[in-house]
Amino acid sequence: MKKQLAALAACLAWTLGAQAADIKLVVNADQPGPVIHRNIYGQFAEHLGTGIYEGMWVGPDSKIPNVRGWRKDVIGALKDLKVPLVRWPGGCFADEYHWREGIGPRAKRPIKVNSNWGGVPENNAVGTHEFFDLVEQLGAEAYVNGNMGTGSPQEMAEWLEYMTAEGNSSLAQARRKNGRDKPFRVHYFALGNETWGCGGNMRPEYYADMYKHWATFLKTPENNRPKFIASGGNDQDTTWEDVLSKSVKYNFDAIAHHAYTFPSGKWEGKGSAVGFPEDEWISMLSQVSKIDNTLAKTTVVLDKNDPKKKLEIYFDEWGSWYDPEPGSNPGFLVQRNTLRDALLAALHFNVFHAHADRVKMSNVAQMVNVLQAMIQTSKDKLVLTPTYHAFALYTPFQDATSLPATIENNPVYKVGATEMPGLSATAARGKDGKLYIGLVNSNATQSAELTLQVGASAPKAVKGKLLTAGAMDAQNELGKSAQVVPVAYEAQAADGKLTLKLPAKSIVVVAVEG
């Protein structure tokens, strides 16, 4: 009874607040900000569970339709998302990956143990050539994560030479022998992953010295030089960014940062992906504010140490992480994907847009079948998750020019002791010239209405798509009717006012017309 009364009081407070002060979204279209880099919508594919094998790679001899081993249905769905970039081969796997084991005839490649993820065999069927075939089929850029944990400067330098050399060195000739005449285009290259943890348990000062040592030997033709990425901090720790930006100058373009979100906020006992109460809904979504705060603190650090803004921030692992799906291999990180994950993604997007001056890449973890996946597969079947649809709604923001967007009288959403802004918004001028607006109503039970003002006037209309569902844990399951799919959304001005109605627990992305 106490819980019911508290919920009723929260609903009443929301309603009275909305009535007492009209909610308004004001967009300043004449004040363009930084470009929202398309790679903010980057993806991540690690040798983990069925994230690559089975989920994406079935081999060229599979009965499942494929192109040189990569599933046609998965490739098609990812191309529809306009995936701009893929990070590979890890993650923690990267720091135990030796690239020579993934080249040459597949039947002769060594079988290893994937000690990080389930202790299962790794047959190295997907290696350098297969990865670049994947990104080229997608029309995406390549982000290769080098092995600093168990590798050597020589091994890392020789991998770069193998991928990028144009002349007749033995490594260039080996690449040609293995079927690739022209060099691969390496857009981004990272020196290690999570070096504070699974990548070596290092101190930031030690890693900074390691970075300077190893980066000295990473050389490519000038026309194929990747952006070099240092392994940065985790969660709310910005110490790594401070140390690296002070001490590293050579072959240094960006710092990676990681942060995952758990309903409990704790590593042990993260919480369930489905069947959760509203207090776990809000506890999950409200934690995105920590990422906003971390990026704000990181920006202050970098603006002090790097005032010319040569360094970029790559948030190259983020997403939801729950307790493993019952009955699954805990090392495979299998979890359900629900409407809550879609809203979590959209809230991340809005934060990354707000920090577009420094944040030039992010990579959701992960692309297929692992953690907050875009796609889930089983044998020859495929389903698009709610997170996939959130990414699809936000594709107009790729390479769009950000615009200031302010919510006046933003209502507070509160459950128990946890509270957060009820609404989140972002705005940008797309490459097509249109003004796009993204809105999230985080309140799980209450709808909201807000008026839209662009400059000093109200637009005539908006048109786009809405994503919501009846249940907080609504999901799209294989073999069942999808519960979370986008639907058309539009609104027309009346009496000089354009009102947008946002259902509870919803995402709306619209283009302004007139």
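All values below come from the heavy atoms of this structure, side chains included, with hydrogens, waters and symmetry mates left out. In this chain, numbering begins with 1 at the start of the sequence shown.
- Exactly one of Tyr314, Phe315, Tyr41 qualifies for a ring pair (Phe, Tyr, Trp, His ring centres under 6.0 Å) with Phe352. That residue is Phe315.
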TODO: Evaluate the criterion side-chain hydrogen bond (donor to acceptor under 3.5 Å, both in side chains) for residue pair Asp316 and His258; output intermediate values, then yes/no.
DONE: CA-CA 6 Å; Asp316 62 6; His258 294 176; 2.5 Å; yes
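- Note on ring orientation: taking the six-membered ring where Trp is involved, the planes of Trp321 and Phe262 are perpendicular (angle over 60°, cut-offs 30° and 60°).
- More than 12 heavy atoms of other shown residues, nucleotides or ligands fall within 6.0 angstrom of atom NZ in Lys297.
- The closest side-chain donor-acceptor pair between Asp473 and Thr338, if any, does not fall under 3.5 angstrom.
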- [ ] Tell me, with the steps shown, if Glu268 and Lys266 meet salt bridge (Lys or Arg N to Asp or Glu O under 4.0 Å).
- [x] CA-CA 5 Å; Glu268 298 296 336; Lys266 301 175 182 178; over 6 Å; no
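- Residues that satisfy the salt bridge (charged side-chain N to carboxylate O under 4.0 Å, His left out) test with Asp303, not counting sequence neighbours, are Arg358.
- Checking each of His187, Glu141, Gln398, Lys360 against Asn39 for a side chain to side chain donor-acceptor pair (under 3.5 Å) leaves exactly one that passes, namely Glu141.
- Side-chain contact between Ile313 and Thr298 is present, with heavy atoms from C-beta onward closer than 4.5 Å.
- Residues Asn201 and Tyr206 have side chains that never bring a donor and an acceptor to within less than 3.5 angstrom of each other.
- Ring geometry, Phe349 versus Trp318: the interplanar angle exceeds 60°, so the pair is classed perpendicular (tilted spans 30 to 60°).
- Glu278 places no side-chain N or O within 3.5 Å of a backbone atom of Thr445 that could act as its donor or acceptor partner.
- Judged purely by distance below 3.5 Å, without hydrogens or angles, the side chains of Thr387 and Asp341 never pair a donor atom with an acceptor atom.
- A donor-acceptor pair is defined here as one N or O able to donate and one able to accept, closer than 3.5 Å; such a pair exists between the side chain of Glu241 and the backbone of Gly233.
- Side-chain contact, Thr385 with Asn476: no donor N or O sits under 3.5 Å from an acceptor N or O.
- Judged by distance alone, with hydrogens and angles left aside, the side-chain atoms of Asp495 form no donor-acceptor pair with the main-chain N or O of Lys497 at under 3.5 Å.
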Task: Full working for ring pair (Phe, Tyr, Trp, His ring centres under 6.0 Å) between Tyr211 and Phe252 - done: CA-CA 9 Å; Tyr211 186 101; Phe252 185 37; 5.5 Å; yes
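- For the pair Ile255/Glu312, no side-chain contact is recorded, criterion being any heavy-atom separation below 4.5 Å from C-beta on.
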